[in-house]
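Note that the coordinates shown come from a computational prediction; the quantities given were computed from them, not determined experimentally. Naming convention: chains lettered A, B, ... in sequence-line order (proteins, then strands); numbering from 1 in each chain.
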Amino acid sequence: MRTAIVEHVLDPAALLDEVASTDSGASTLFVGTVRRVNEGRDVTGIDYSAYGPMAESEMGMIAAEAEKRFGTSRIVVEHRLGTLTLGEASIIIAVSHPRRAPAIEAQRFLIEEIKKRVPVWKREHYADGTREWVEPTAGVVAGGAA
Amino acid sequence: MRTAIVEHVLDPAALLDEVASTDSGASTLFVGTVRRVNEGRDVTGIDYSAYGPMAESEMGMIAAEAEKRFGTSRIVVEHRLGTLTLGEASIIIAVSHPRRAPAIEAQRFLIEEIKKRVPVWKREHYADGTREWVEPTAGVVAGGAA
Amino acid sequence: MELNVLLFASWSDALGPNVTVHVPAVATVRDVLEAVLARAGGLALPTPLVAVNHRYAKPESPVRAGDEVALIPPVAGG
Amino acid sequence: MELNVLLFASWSDALGPNVTVHVPAVATVRDVLEAVLARAGGLALPTPLVAVNHRYAKPESPVRAGDEVALIPPVAGG
């Protein structure tokens with residue numbers, strides 16, 4: 001089991017090799033990539049930033065939960081930070097397991113929990129030159145009103 | 001969309017590249033591998049054989065069903081035949097999609113349908129020198145009794 | 001009519017890669033299956049499905065001269 | 001006590017990467033959050049969660065001198 005916040009280009013084949021085992025009947029890879037269109041706007045790139053120590057700790061906890069829940073320690077997650085261009089991978093999740101169903105279910109659990117809990121933020125760059133923080137679940141507080 | 005029965009070593013990174021697109025937010029890879037232990041027996045390798053033309057046709061139909069159901073044509077499946085050693089990949093399924101949920105669900109649909117419907121057979125080689133056809137859903141007919 | 005039926009896996013081990021059977025001129029998948037089962041004698045072999053022209057076929061489906069017919073033992077791909 | 005609070009994303013853009021706030025000696029996460037919100041003036045910023053020592057913390061959780069406290073705006077990783 002290994003989780004990491006990194007600033008280099010992600011290598012899917014290397015992560016797949018890292019989880020592989022002759023005890024496994026199935027390996028799965030999830031690759032999150034920068035998409036050209038988001039909510040109707042033309043995206044040209046994304047800055048990823050994080051609260052580093054907490055992001056590392058939260059990813060580690062999520063992987064430990066997945067291990068307990070799905071019964072495999074063959075889990076590797078790398079999340080990339082920095083400025084990514086279209087099509088580049090921001091996250092790769094690799095899992096291998098003796099059986100296929102938990103290999104797929106663990107993959108899904110990991111990406112959903114990471115999206116909910118890991119303190120990483122993205123600022124999209126748009127074709128019109130503007131940039132905006134992506135705040136998928138945001139309510140807005142009027143500052144000072146609390 | 002592409003599905004194929006092949007006799008060469010499968011290349012996960014190449015198949016991932018093949019489905020990738022800047023319209024995609026997620027790509028998934030499923031890799032089925034030869035496992036060292038099956039039902040308590042020590043496996044040393046597996047012969048995969050197929051009813052070739054029907055296997056090709058059935059895989060193509062399953063991929064077409066997945067395209068319709070999940071809304072992406074970015075699907076590639078390669079199933080390998082021949083004698084595979086421990087840890088080698090027998091099948092790779094690559095899917096990419098604008099959104100992550102259908103990228104994962106399509107992967108699952110494809111592997112489950114392929115396992116049920118595609119006429120491929122495997123004969124396991126065991127450490128004790130014996131070989132046996134794997135017939136997961138087999139009832140046995142007394143020949144001539146029908 | 002005479003019909004050539006393709007066999008695979010344990011069925012092919014037992015009877016060879018194909019067998020020729022005699023079935024009525026207006027035959028169904030069930031007729032073909034029974035004819036091949038008769039050929040298997042007392043062998044214990046796994047229950048197969050039948051494919052006609054590369055598609056799974058129901059017992060009541062018709063089989064015509066020139067169709068490609070195959071017995072499909074339990075599959076184990078992936 | 002004086003407490004340094006880390007800020008990120010749109011909060012960091014608006015107020016800088018951290019702010020120092022005054023809270024009671026026996027303070028809770030809620031006290032800290034209210035003190036930072038007061039600092040945000042009339043700005044429209046997304047509702048944050050609060051982390052204490054790298055873990056999400058409830059409004060009623062205690063905050064002690066020396067704790068690492070951070071405001072976590074809605075996350076968007078993956």
task = Between chain A and each of B:S90, B:P98, B:A20, B:A89, count heavy-atom pairs under 4.5 Å; write down the option with the most.
result =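 Most pairs with chain A among the choices: B:P98.
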key: Minimum-distance pair of heavy atoms, taken over all atoms of A:R36 and B:D23   =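 Closest approach of A:R36 to B:D23, heavy atoms only: NH2-OD1, 2.7 Å.
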ask   = How far does CG of B:L29 sit from CG of A:L15, to the nearest 0.5 angstrom?
value =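 Output value for this atom pair is 11.5 Å.
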query = So how far is it from B:Q107 CD to A:R100 CZ, rounded to the nearest 0.5 Å?
reply =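 Reported value, rounded in 0.5 Å steps: 11.5 Å.
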Heavy-atom pairs under 4.5 Å with chain B, option from A:S24, A:A101, A:A26, A:G87 with the top count =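 If we count pairs closer than 4.5 Å to chain B, A:S24 comes out on top.
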ask   = Picking from A:S21, A:S27, A:G32, A:A13, which has the most non-hydrogen pairs under 4.5 angstrom with chain B?
value =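 The option with the most such pairs is A:S27.
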key: CZ (A:R41) with more than 12 external heavy atoms under 6.0 Å   =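 Check passes, neighbour count above 12.
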inquiry  = Under 4.5 Å from any heavy atom of chain B, what part of A:L86 do you find: side chain, backbone, both or neither?
reply    =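 Looking at A:L86, backbone and side chain both touch chain B.
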request  = Compare all side-chain heavy atoms of A:T28 with those of B:T28 and state whether any distance is below 4.5 angstrom.
outcome  =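 No, side chains not in contact.
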